[in-house]
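Shown next, in C-alpha cells, is the structure this report addresses.
Quick caveat, the model's predicted, so the values are computed rather than measured.
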Amino acid sequence: MPSNTTAPPGKKTAKKKGRRARLLLLVLVLALVAGIGFGGYWGVSTVRASFPQTTGEIRLDKLSADVEVKRDANGVPQIYADNETDLFRAQGYVQAQDRFYEMDVRRHVTAGRLSEMFGESQVDTDAFLRTLGWRRVAQQEYDEVLSPETKKYLQAYADGVNAYLKDHAKPADISVEYAALSLTNDYAIEPWTPVDSVAWLKAMAWDLRGNMQDEIDRSLMTSRMSAQQIKQLYPEYPYALHQPILDKGAVDESTGAFDPKADATEGDGATTGDTPGSGPGGSNGGAASQLGALSEVLDTVPALLGPNGNGIGSNSWVVAGKYTTSGKPLLANDPHLAPQLPSLWYQMGLHCRSVSATCRYDVAGYTFSGMPGVIIGHNDKIAWGLTNLGADVTDLYLEKIGPDGYLVDGKVKPFTTREETIKVAGGTDRKITVRSTDRGPLVSDRSSELEQVGQKAPVGNAAPDRGTGYGVSLQWTALQPGRSMDAIFALDRAKDFTTFRAAAKNFEVPSQNLIYADTEGNIGYQSPGKIPRRAKGDGTLPAPGWDSSYQWKGYIPFEQLPYEYNPDRGYIVTANQAVIDQKTYPDLLTKDWGYGSRSQRINDLIESKTKDGGKISPDDMRTMQTDNRSEIATLLNPLLLKIDISDPSVREAQKLLEGWDYTQEPDSAAAAYFNAVWRNVLKLAFGNKLPKELRAEGDCINVRPAQATGPVDEQNKLVRECGERDPDSAQPDGGDRWYEVVRPLLKQEKSEWWTTPGSRTDAATETRDQLLARAMKDARWELTAKLGKDVSTWSWGRLHQLTLKNQTLGTAGPGVVQQLLNRGPWNLGGGEAAVDATGWNAAGGYDVIWVPSMRMVVNVGDWDKSRWVNLTGASGHAFHSNYTDQTDAWAKGELYDWAYGRAAVDATTKDTLTLKP
C-alpha cells in the first residue's frame, strides 16, 4: 500500500484523547528501542517479544507430523513437510510470525474495514471499497467456485495463522504497531479465514485493472480539447518502433484456436463498431461532473501495489539455451510496484520431503503475506514469471437514473440494493446504501448517504441528489467469482508447458503475461485472463448505459488467447508492451498498452549480446535488469545541445549534456539536469492546456520571484510555489506515453503545443526551440534551488531518492514515529520508462514512487545457481535485523544466491525451527 492507503495519525479527526494516548505510548516504546530517552530493558524486551522464534520447537495444532523451517541469514524460510496440508499450515504460521500486522491491515483494506483500525479518517475509503464489494466476491468464490482441494489448502493456511495468534494472546507480542491499537476496547484481532486470503487477489486485480482512469481522462478532455488533440495525447502504439511480444500468430478459422506459428495478415484485426464518440460525459455537464468526482474518488482509494497508470508494470524475459552460457534457459523477472515497507513480496520455499502423488509441491519463489502458495518462482521442472498484460477489463457506464431505477432502452430497471454498516474506532458507526445495475455497482454513489447510524443527517461529503440525473456504474471482471486461486496452486505443481497452460486457463484476474521455461530447454508465453468482448464501442470512453448495444457479449475463449512456444527468435520479452499487432488479431485486448520503451530496450540488449554467436550469462541478465538508459533523452538531447544559450549559468548546465551517453547513474549530473529539463518541457508544452480535473496532486514547482531579474546564479532566491500555478491546468506524469506524444512534435518547428503564453517573468514561446530554451532555463533555476549553484555537485541520485515507509504509521504519523519506523533515503539511478524502472511522476517531483519490487534471475535446471533479491527483507518487524537487510544490495543492483536443493538449503541455513504436532 502506498502512502495514501491509511492515514491514521495525521488527521484532525484522530486528535482524540484515546488516539493521542496510543500514539504517545507507541512513541515511547519505539524511543526506548532506538536507545532514545531511558533506553530501558522494558522497551527493548517488549519489541523483541514480537520477533519470531526461529530455533527450537513449537507445538502447532492440527499438524500430523514434524515440519522443519530452515532460515538463511536473510531470514528467508524454506519449509519441509511430509504432506500438503501440513506444508500450507506451516506456511500460514511462518508468514504470521514475520508479517501478521501487514496481513491484518491488508484484510481490513480488502474488506473495507480500515475505519475499525484507524478511525474516522478512513470512512470514505471504506465506503468506496464496500461499494466495490471485494470481500463479498471473495466469499462467493470460496463458497461456489474454488475447488475442494484449494479450499482445503486455504483452510490449512488459516489454521496455521490462527495457531500463531493463539500462541500470542497479547497484541504487543505480535507487532509493535499494536501497541497503539491495543489501548482501545473497540478493536480486537480476529481469527484469520480462508476468504481473507482470497480477497487479496481482488486488491491485486484493482491495481492492475487497466485503463479506467484513461477512460475518465479522455472524457473530461472533451470539455476543452478537440478530438484531434485528444488523439495526439493518446497516440497509437508505435508498432514500427517497439515490437510486440509476439511477432506472429493468428486465430485459425478452421479450429477456432490460436496458432502461434501462423503468419498473421493485416485486416483480420478486431472490429468494435463505433465508440461513444466525445462521450455523454463530454457533452453533458451532469455526467461530466460525476466523472470528475469519480476521478477524485479513485485518487483516495488504496493503490495496494502501486500507482495505476503508465508506470505500473513489470519486466520479464526468457532466453533459450542456444543463446545462454549454461545451455539451458535463463528467466528474469522484476515487477514494478509501489515501494513498501515491508516489501509487498515474501520469499520462501515450500518443499515436500518426498515428492509423490500425495505430496506434490517442491516450489520456491515470491508470494504475498496472507496467501498460501508461491506466485512467481520455480519448482523442480519449470520456472515462470509475470508482468501485467494491461487488458481492458473495466468499463464505466454513464447511467440515466431516476427515483425508481436506471434507464435501459427506454425502460426503467430497478437497482439492486444492499446496506453496509461501517464500524468506526472511537466514533459512531456509519451506514451506506450500495446500488447496483446489471453491469455492476454505481460507483458515483461513493460519497453519498454516509450517515451516522441512528441519525438521518448526512455527514462527511455532501450527498448528491440520488433521485434523478446521471450516475456512473462499473463493470469489471474481478467483480465476478473466478478461479485464480486454483490457478496459483496449479502453477506451483505444473511440470511442462501443457500443465502450465492448463493452470494459466484459470488465472482469470488480474490478466497477466506469463512467461515459461523448463528443464527440457523449452520456453513459452501465455496471455491468460477473462477479457471481455464488446458488442459496440472500444472501451476507451465511458459508454452510455441506457443503450444496451454497448453491453459485453461474453469473453475471449482461452483457446483464442495469444501464446507461443519455442519461437524461432529464441527469446521472449514481456514488459507491458502490446501482446500482438492489434490489426491482425480478431479481438480487442486493449487500446491502452504500455508504449514499449522498456520492452524494446530489452529486445535490443538481447539482440546485441547474441549477435555473432554471443552468449548470455546469468550476470548479463542481472546487468540488463539494471540498465538505466533514457529513451526520451536520445530524442530530445540532440536538440537541446543545438539551442543557442546566452545566459552563462544556463550554458554551464547545458554543457553537462555534451557527450552524455543517456545513462541515468545516481552520480550523473547530466541525468539530473536532463530530467529537470524534460519535466519543464512537459509543464510548458502541455500543463496549461489540459483540463484542471486531470491535474496530478503535488505538482508544485520552484518559480522565480517577480523581483528576481538577475542571472540564474542569483536563484538562491527561488521559492516553492503551489498556489500560483494555473488552476485550470494539469501536469503530465512523464510516462512513455508522453514520449510518443512528443516524438512527432520534435520534428515540427511550430505547433500549437509549443505555443505558451508569457508569464510575469518569462516571454511567450511560439516555436519548439523557444520552448526548449525556456525549459532549460527553468530547469537551471529549479536545480539551483534544490542542489545548489555549482553544477559540479549535482547528481541524479540527490534528486531521485527512495524513502521506504512503514505502510500505516510511517506514512502519516507524527514525525518522530515516521523517523523510527521508516528507512532511507537511498539515492537511486534509473528512471521513468527505463528498464531499471525507478519511476517518478513529472507532475510532482523526482522522488521514486514505483520500483522493481524484487528481482530474480532463474538458472533453469541448475536451480541453486539462480539469484534473487527483495526490496526490503523477510521481516515486517521494525528493528529486526531482517527488516531492510536486502535494500542496500537491491539499490546497487546486486542479487543473493538462491538456495533450492536440500543440500544447498542446509549449507545456507542459519536457524532451524521444528513445528511439532
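For the residue pair T574 and S316, a side-chain donor N or O sits within less than 3.5 Å of a side-chain acceptor on the partner. Residues S617 and D620 bring a donor and an acceptor atom of their side chains to less than 3.5 Å of each other. Side-chain atoms of N74 and D885 include a donor-acceptor pair closer than 3.5 Å. Looking at D592 and N211, their side chains do bring a donor and an acceptor atom within 3.5 Å of each other. Looking only at atom types and distance, the side chain of N388 has no donor-acceptor partner in the side chain of N576 under 3.5 Å away. N315 and H336 form a side-chain donor-acceptor contact under 3.5 Å, judged by distance and modelled atom types alone. Counted by atom type alone, T387 and N513 present one or more donor-acceptor pairs between their side chains at under 3.5 Å. Defined by atom type and a distance below 3.5 Å, a donor-acceptor pair is present between the side-chain atoms of D604 and Q600.
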With a 3.5 Å cut-off and sequence neighbours excluded, list the donor-acceptor pairs that the side chains of residues 607-614 form with protein atoms.
from	atom 1	to	atom 2	distance (Å)
E607	OE2	Y571	OH	2.9
T610	OG1	I606	O	2.8

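Distance CG/L605 to CE/M621: 11.5 Å, rounded to 0.5 Å. For the atom pair L656 CG and F674 CZ, the distance stands at 13.0 Å (nearest 0.5 Å). A distance of 7.5 Å separates OG of S527 from CD1 of I245, quoted to the nearest 0.5 Å. To the nearest 0.5 Å, the span separating OG on S511 from CG on L389 amounts to 4.0 Å. A distance of 6.0 Å separates CH2 in W593 from CD in Q582, rounded to the nearest 0.5 Å. Rounded to the nearest 0.5 angstrom, L589 CG and I580 CD1 are separated by 8.5 Å.
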Can you check side-chain hydrogen bond (donor to acceptor under 3.5 Å, both in side chains) on Q664 and N675, steps first, answer last?
CA-CA 9 Å; Q664 301 173 91; N675 282 312; 3.1 Å; yes

What's the verdict on side-chain contact (heavy atoms from CB on, under 4.5 Å) for E631 and Y662, showing C-alpha distance, side-chain angles and the deciding distance?
CA-CA 8 Å; E631 181 180 12; Y662 312 132; over 6 Å; no

Can you check side-chain hydrogen bond (donor to acceptor under 3.5 Å, both in side chains) on H242 and S597, steps first, answer last?
CA-CA 7 Å; H242 299 159; S597 292; 4.7 Å; no

Pair Q801, N827 - check side-chain hydrogen bond (donor to acceptor under 3.5 Å, both in side chains), show working.
CA-CA 5 Å; Q801 293 186 325; N827 295 348; 2.8 Å; yes

Apply salt bridge (Lys or Arg N to Asp or Glu O under 4.0 Å) to the pair D627 and R601, showing each step before the final yes or no.
CA-CA 9 Å; D627 182 86; R601 177 61 175 167; 3.0 Å; yes

Under the side-chain hydrogen bond (donor to acceptor under 3.5 Å, both in side chains) rule, what do Q243 and D247 come out as? Steps first, then yes or no, please.
CA-CA 7 Å; Q243 64 194 74; D247 55 10; 5.9 Å; no

Test salt bridge (Lys or Arg N to Asp or Glu O under 4.0 Å) applied to R598 and E832, step by step:
CA-CA 10 Å; R598 286 179 285 108; E832 176 62 37; over 6 Å; no

In sequence, state the C-alpha distance, the side-chain angles, and the governing distance for E658 and K655, and then conclude on salt bridge (Lys or Arg N to Asp or Glu O under 4.0 Å).
CA-CA 5 Å; E658 296 176 357; K655 287 182 178 180; over 6 Å; no

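Listed here is the closest heavy atom pair of N841 and P732: OD1-O, 4.3 Å. Nearest heavy atoms, L682 versus G734: CD1-CA, 3.6 Å. Contact record, P528 with L514: CG-CD1, 3.7 Å, taken as the closest heavy-atom pair. Residue I376 comes nearest to P335 through the heavy atom pair CD1-CG, 4.1 Å, listed as atom of the first residue, atom of the second, then distance.
Looking only at distances, a side-chain donor or acceptor of T324 sits under 3.5 Å from a matching main-chain atom of G321. Of the possible polar contacts, none joining the K865 side chain to the P618 backbone as a donor-acceptor pair under 3.5 Å is found. The closest donor-acceptor contact from the side chain of Q886 to the backbone of N882 lies at 3.5 Å or more, if one exists at all.
In this structure, V509 and M204 have side chains that are not in contact, with every pair of non-hydrogen atoms separated by 4.5 Å or more. In this structure the side chain of K892 never reaches within 4.5 angstrom of the side chain of T626, judged on heavy atoms. The side-chain heavy atoms of L330 and W317, taken from C-beta on, include no pair separated by under 4.5 Å. Q731 is not listed as a side-chain neighbour of F686, based on a closest heavy-atom distance of 4.5 Å or more. For the pair L635 and R743, the minimum side-chain heavy-atom distance is below 4.5 Å. The side-chain heavy atoms of W794 and L799, taken from C-beta on, include no pair separated by under 4.5 Å.
Residues Y673 and W796 keep their aromatic ring centres 6.0 Å or farther apart. Aromatic rings from W898 and Y896 are positioned such that their centres are separated by 6.0 Å or more. You'll find the ring centres of Y563 and Y525 outside the 6.0 Å limit. Taking the six-membered ring for Trp and the full ring otherwise, the centers of H378 and W384 sit at least 6.0 Å from each other. A ring-centre distance under 6.0 Å is found for W345 and F368.
Annotation: cation-pi pair R737/Y234 present, NZ/CZ under 6.0 Å from the ring centroid and within 45° of its normal. Remark: R855 fails to qualify as a cation-pi partner of W868 under the 6.0 Å distance and 45° angle criteria applied to the six-membered ring.
Between E236 and K591 no salt bridge is recorded (no basic side-chain N to carboxylate O distance below 4.0 Å).
By the salt bridge (charged side-chain N to carboxylate O under 4.0 Å, His left out) test, R867 is found to be paired with D897, residues two or more places apart in sequence or in another chain being considered. Y846 meets the side-chain hydrogen bond (donor to acceptor under 3.5 Å, both in side chains) test with E782; sequence neighbours excluded. Residues that satisfy the salt bridge (charged side-chain N to carboxylate O under 4.0 Å, His left out) test with D864, not counting sequence neighbours, are absent from this structure. Residues passing the salt bridge (charged side-chain N to carboxylate O under 4.0 Å, His left out) test with D72: none are found, sequence neighbours excluded. With sequence neighbours left out, the salt bridge (charged side-chain N to carboxylate O under 4.0 Å, His left out) criterion links D661 to no other residue.
Taking the six-membered ring where tryptophan is involved, the planes of F500 and Y516 are tilted, since the angle between them lies from 30° to 60°.
Screening D888, T884, T887 for a side chain to side chain donor-acceptor pair (under 3.5 Å) involving W826 leaves a single residue, D888. Looking at D98, T367, N870 one by one, the single match for side chain to side chain donor-acceptor pair (under 3.5 Å) with Y346 turns out to be D98.
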